[in-house]
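Accompanying notes for the structure given below.
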Amino acid sequence: MAKISEKDNTDLENRYKDTIDLPETSFPMRGNGPVREPEFQTKWKEEDIYHKGLELRAKEGADSFVLHDGPPYLSSERIHIGTALNKILKDIIIKYKTQRGFRVPYIPGYDSHGLPIENAVVKAIKGGRQAVTVPELRDKCRDFALNNLKGQEAKFKRLGILGEWDKPYVTLDPKFEAEQIKLFGEMAAKGYIYRGLKTVYWSYGAETALADAEVEYNDNHVSSAIHVKFPITELPSSCPQELQGACFVIWTTTPWTIPGNMAICLGENIDYIVAEDSGEKIVVAEALLEQVNKASEREFKASGSSFKGKDLKGIVCKHPLFDRPSPIIFGDHVTTDAGTGCVHTAPGHGQEDFMVGKEFGLEILCPVDGRGVYTSEANSYEFKSTEALEIAKSKNQSLEAKLNNLEFNGGELNFQGFHVIKQGNDLLISALKDSGALLALKKLTHSYPYCWRSKTPLLYRATEQWFASVDGFREQALTEIDKVNWIPERGRNRIYTMIQDRGDWCISRQRTWGVPIPAIYDMEDINEQGNPKAILETEIIEHVAKIFAEEGSSSWYTKPIEELLPESFKLSLRGAKGDVAISERFRIETDTMDVWFDSGSTHRTVVEARAEEFGAKLPVDLYLEGSDQHRGWFQSSLLTSVACNGFAPYQSVLTHGFVVDEKGHKMSKSLGNVVDPDDVIKKFGADILRLWVASVDYSVEIKVGDNMFKQLSDIYRNFRNTSRYMLGNLHGFNPETDKVAYKDLWSLDKLILHRLQSLQEKLTEAFDNYQFFKYYQLIQNFCSVDLSAFYFDIIKDRLYTHGTKSLSRRAAQTVLAELLSAINRLLVPVLPHLAEDVYSHSPETIKASYQGTQFFMKEGEGSILLSNWPEVNKDYVNGELANQWDKILEIREAANKEIETIRAEKVVGKSLEASLEIKAPAASIELLKSIEAELNAVMIVSEVNLIEAEKLAIKASKFDGHKCVRCWKYFKEVNKGICQTCTDAVSS
RNA sequence: GGGUCUUUAGCUCAGUUGGUUAGAGCGCACGCUUGAUAAGCGUGAGGUCCGGUGUUCAAGUCACCGAAGACCCA
């Protein structure tokens, strides 16, 4: 046969072009998520897919799976990338569990009360807090919160999350508030709520006590560290008499607390020593004498031997400024790490001081008010000269202004009215200098607690607060912790030790924007401290709850107290004291509850209160939040639940780490490394953000950055093109009539069906264990390696050239239909928009073949989100076949290398131009012969010669023959330019 | 300062009870293809397993010390 010229060849090719079956689909190659995702979301909303899903499962009598949403705080209308991660994780689980046949309600929640919102609102009020009434301020806070809710809701919806968006839970909801105070009442009735004097962190900037969680530490705080001498005034005969005339030296970094000094605390087993310099005698811990000398630039020399702290019992010193005793006491918290071993003890200004003060019966003096200003109890000091004061004035303008204002020029000065931080430190230092008690003064940079909102240093203040007594149910809580499945396991230890070591829970806040503590005070019943008696009674709370449920908790501040009290209570008063003027005798508590109590009560206020919707009882299946919530929501929820119900509100708790930048550093505005989920969505779409969530191991820190999104986009495109290939080649395929029986499939086809089952099995396991990154790795590998680079590449020949209705083409399509149906559904939890896109472009005949329940499969309706998770088809599992193929694929890989060699030598271009000679041991040859009919296709070459040999040796060469212009394979002979198979295909 | 944890290729992840030459996908480089075409295929190059010391015949894996980072606490 004569050689066919290039031109003739092209002509022939064009003639046969119409006879091949090329892919055909309207499914776009590019996702264009930023634009198209909202369209799918609109469809989901219009068709109410969320409720349809619930109905569907309800009809099936399905079990519920309840993931109870932790409420994000409504401080902003924007969301943080960490919040996006959290919500996406939840949604992935919800979508997966729904597919697995559970009824999965999702009620999103919002945390609306508290200091940050109140501060933000006050900041925006002209004239500040004083310019508005309490109800006005609360209304503004409410508006602010609800406005942010709208913003956050839109962001969450844009992530592709389905849920009860029209009926979320919000902590400011009147019914929520009513349930919350009832829960509080229940705890009170059980005796877990008490009012007590305690030192709490106090922010003078925000004028409130702070929860531990609200405290920040500033590592660069500069303090004036002072050494102060306390002269001994009483020395019992049982003590070493060499102490006669000596001074104890204390060290403190908070000079302003000196007016609160009530004692000096020593360690019983610490060694103390008397040291002398220029006739001056001091007592300090032996181990710290050198440091004292260094700080004071003196040379105190130890005189005599040391003695234990316990030998100094009974000694009394004099306060360095006031005519007041400061006795020696003892505590375990005293160390010789720093200071002098003699601890300045102001029970009104420190946690340990408070404890030890109570133990030794000291007065809990706290001469500082809420603004951080000394009260009248702070005492006065008579300056001997103005010298020290002048120095202080020159360094502290605020102090100077204050003193000038007082027109103080020496003599007695009352500390009342001075701000402890702004003026007190310098004022006290000057007074101590003046009295001669100051031994040393140094600047010290160290870590110091700060207020998270007002960024001011915190004080310790002894105040009256409401507490939940954790002691009352600690053991029960610890027992319950061990019944919970903590994921990862270390979460158990984290919360266990926290609960074990924590103190009582201070639940009162001196703020306006929160749920009021429903207590009242009897102004005619005054206690020892001069405070009116607090009344906390179930009947009052029940009554108030009814009012709150109807009118919201602001009614606490707007209604006259008569209306807040139930008739029964008023009647009981009448019985005792006759008719009384209630409004004169009683006052409402103005403190609000810690917001952690709000969110910590959602098991009652949401899960139980909306039990019908959830269709499940406590404990719920899952709580899922960031690891910081071990101290926050997990804990507050556990405490209230154990206190009232006796068990934990959750069966499982899943925690994720924090999102950090690509280098592993935390995000901050100042570093400029903040990733805004909005930007990601605008640039890449929500599916890419979701894919990011699925791709990382969220149990530790989670990195995020542009490089990652670029990579994720590549993977996404791979999924998309894989789907597009399947859709294109299933054009015109109707499983009902065209499906090929398993026995008639090619061996290769069976292999892929087997691998698909194996993939499904692994993905199911990954999801059941919440290990989404495994899903990401596995499905990516499958699409890229098994399908794109292998199966799809091989079956092109069959699909395009074997004839539309040929058995071999139908066999490949049968497998493609299985693959599409499965992969489409496997994409749902992570990439719902892509999955919906694929589904909406699927031929109706294919859609109908999907497993699962589609009760609205009418044209243009229905959603892939309502499909079932693909089940493993045991008929497709064929381990033996898979093992055989493993060996075949090893040979294929070796063959590819040989072809690459001759390709590099420009002998061949595409592999179809090549012929393979495979020499291999008998077993391998037998194996290859078992698939002889498909061997050329599998290797994507035009000829394979098998030769038995001892060792594997493959040779690739150019096939010497003619190219079939239709199927592009090479043959010894072609007829009219095409091969025999093509001739048959064309004729049929 | 204390508690809990992390650190393996440019990125995301694997690496069984310590056991040959530490794997995968993506990305990258080079080539092929132009019948998945703003696609697809092949081949290849990438690693002081955070550092140090030790235990051991043998350490990415075990122990100790340290570094960097994260969360929580003080």
Side-chain angles (χ1 to χ4, degrees), chain A residues 13 16-17 20-25 27-30 212-213 215 217 337-338 351-352 446-449 488-498 501-502 626-632 635 655-666 691-692 694-697 699-703 705-718 720-729 771 773-774 776-785 787-790 792-794 796-797 799-801 893 895-901 903-906 908-913 940 966-968:
Chain A
E13 221 169 284
Y16 290 116
K17 196 111 186 174
I20 59 173
D21 296 293
L22 290 179
E24 196 180 324
T25 177
F27 183 74
M29 188 174 274
R30 312 191 78 195
D212 291 349
V215 177
Y217 284 82
D337 293 343
Q351 194 76 65
E352 280 158 339
H446 62 138
S447 176
Y448 192 84
E489 269 179 56
R490 62 183 112 94
R492 178 264 176 202
N493 285 344
R494 190 156 170 181
I495 194 164
Y496 194 93
T497 51
M498 279 180 195
D501 299 340
R502 72 162 295 156
S627 60
D628 57 333
Q629 298 304 329
H630 286 104
R631 176 149 294 270
Q635 187 171 150
T655 51
H656 56 79
F658 273 63
V659 181
V660 294
D661 74 7
E662 279 176 316
K663 289 175 193 151
H665 294 155
K666 72 168 156 195
L691 192 58
W692 163 68
S695 74
V696 293
D697 177 0
S699 68
V700 293
E701 309 97 275
I702 304 144
K703 288 187 197 168
D706 248 16
N707 288 328
M708 289 171 72
F709 289 118
K710 279 189 194 116
Q711 181 184 332
L712 290 158
S713 300
D714 287 330
I715 305 293
Y716 171 86
R717 215 165 323 156
N718 176 251
R720 210 175 161 84
N721 278 315
T722 302
S723 302
R724 187 161 181 272
Y725 177 94
M726 292 189 281
L727 289 170
N729 286 298
Q771 290 178 311
F773 61 90
K774 282 190 179 164
Y776 171 79
Q777 303 275 343
L778 286 165
I779 199 165
Q780 180 196 154
N781 250 282
F782 186 75
C783 286
S784 176
V785 179
L787 297 186
S788 194
F790 178 58
F792 288 180
D793 206 28
I794 291 168
K796 277 180 204 169
D797 179 52
L799 292 168
Y800 300 169
T801 72
E893 208 177 310
N896 272 339
K897 283 183 183 148
E898 293 307 314
I899 294 169
E900 182 63 23
T901 309
R903 182 180 291 137
E905 291 162 358
K906 303 287 178 193
V908 295
K910 48 160 62 174
S911 60
L912 280 177
E913 293 168 31
I940 319 184
R966 187 170 173 277
C967 70
W968 293 353

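We name chains A, B, ... by the order of the sequence lines, and we start the count at 1 in each one.
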From OH of Y800(A) over to P of G40(B), roughly how many Å is that when rounded to an integer? 12 Å

Could you tell me the separation between the CD atom of Q777(A) and the P atom of U8(B), rounded to a whole number of Å? 14 Å

Base, sugar-phosphate, or nothing for S699(A), non-hydrogen atoms under 4.0 angstrom? nothing

Starting at NZ of K796(A) and ending at P of A39(B), how long is that distance when rounded to a whole Å? 14 Å

Between S911(A) and C32(B), is there a contact of a side-chain N or O with OP1 or OP2 at under 4.0 Å? no

Figure out the CZ/P separation between F773(A) and G25(B), and round it to whole Å. 18 Å

Applying a 4.0 Å non-hydrogen cut-off, can you work out what D697(A) is touching in the nucleic acid: base, sugar-phosphate, or nothing? sugar-phosphate

Does the side-chain ring of F658(A) lie flat on the base of A70(B), meaning centres under 5.5 Å and planes less than 30 degrees apart? no

Under 3.5 Å, is there an N or O donor on one side and an acceptor on the other linking the side chain of S788(A) and the base of A36(B)? yes

Quiz question: going by heavy-atom distance under 3.5 Å, is there a donor-acceptor pair between the base of G42(B) and the side chain of K897(A)? no

Using the P atom in both, what is the distance from G54(B) to U16(B), to the nearest Å? 25 Å

Which part of the nucleic acid, if any, lies within reach of N721(A) when heavy atoms closer than 4.0 Å are counted: base, sugar-phosphate only, or nothing? base

Sticking with atom C1', work out how far A63(B) lies from U20(B), rounded to a whole angstrom. 26 Å

Indicate whether OP1 or OP2 belonging to C5(B) is found under 4.0 Å from a side-chain N or O atom of R494(A). no

Pair partner, G25(B) [Watson-Crick or wobble, under 3.5 Å]: C11(B)

For C32(B) versus G19(B), give the span between their C1' atoms, rounded off to a whole number of Å. 42 Å

Counting the atoms with a prime plus P, OP1 and OP2 as sugar-phosphate, which does G728(A) contact under 4.0 Å by heavy atoms, base, sugar-phosphate, or nothing? nothing

Between R631(A) and D628(A), does any NZ, NE, NH1 or NH2 come within less than 4.0 Å of an OD or OE carboxylate oxygen? no

Regarding E900(A) and R903(A), does a basic nitrogen lie under 4.0 Å from an acidic carboxylate oxygen? yes

Does R724(A) make a side-chain N or O approach to OP1 or OP2 of U37(B) shorter than 4.0 Å? yes

With rounding to whole Å, what would you report as the distance between U8(B) and U55(B) at their C1' atoms? 23 Å

Strictly by Watson-Crick or wobble contacts shorter than 3.5 Å, is anything paired with C71(B), and which nucleotide is it? G3(B)

Rounded to the nearest 0.5 Å, what separation is found between the CD1 atom of I715(A) and the NZ atom of K710(A)? 15.0 Å

C1' gap between C50(B) and G60(B), integer Å: 12 Å

Roughly how far apart, to the nearest Å, are G47(B) and A14(B) at atom C1'? 15 Å

Can you measure R30(A) atom CZ to A39(B) atom P for me and round it to whole angstrom units? 7 Å

Between P on A39(B) and CZ on F792(A), what's the gap in Å once rounded to a whole number? 17 Å

When we call it a touch if two heavy atoms are under 4.0 Å apart, what does D793(A) touch: a base, just sugar-phosphate, or nothing? sugar-phosphate

Which base sits across from G54(B) as a Watson-Crick or G-U pair, both distances under 3.5 Å? C62(B)

Pairwise C1' distance for G51(B) and G46(B), with rounding to whole Å: 22 Å

Using whole Å, what does the distance between atom C1' of nucleotide G25(B) and atom CD1 of I779(A) come to? 13 Å

If I pick the C1' atom on U34(B) and the same atom on A38(B), what distance separates them, to the nearest angstrom? 14 Å

What is the glycosidic conformation of G46(B): syn, defined as within 90° of 0, or anti? syn

Would you mind reading off the distance between E900(A) atom CD and C30(B) atom C1', rounded to a whole angstrom? 9 Å

With sugar-phosphate meaning primed atoms plus P, OP1 and OP2, does G657(A) contact a base, only sugar-phosphate, or nothing at under 4.0 Å between heavy atoms? nothing

When we call it a touch if two heavy atoms are under 4.0 Å apart, what does I20(A) touch: a base, just sugar-phosphate, or nothing? base

Quick one: which of C32(B), C71(B), G27(B) gets closest to the side chain of R903(A)? C32(B)

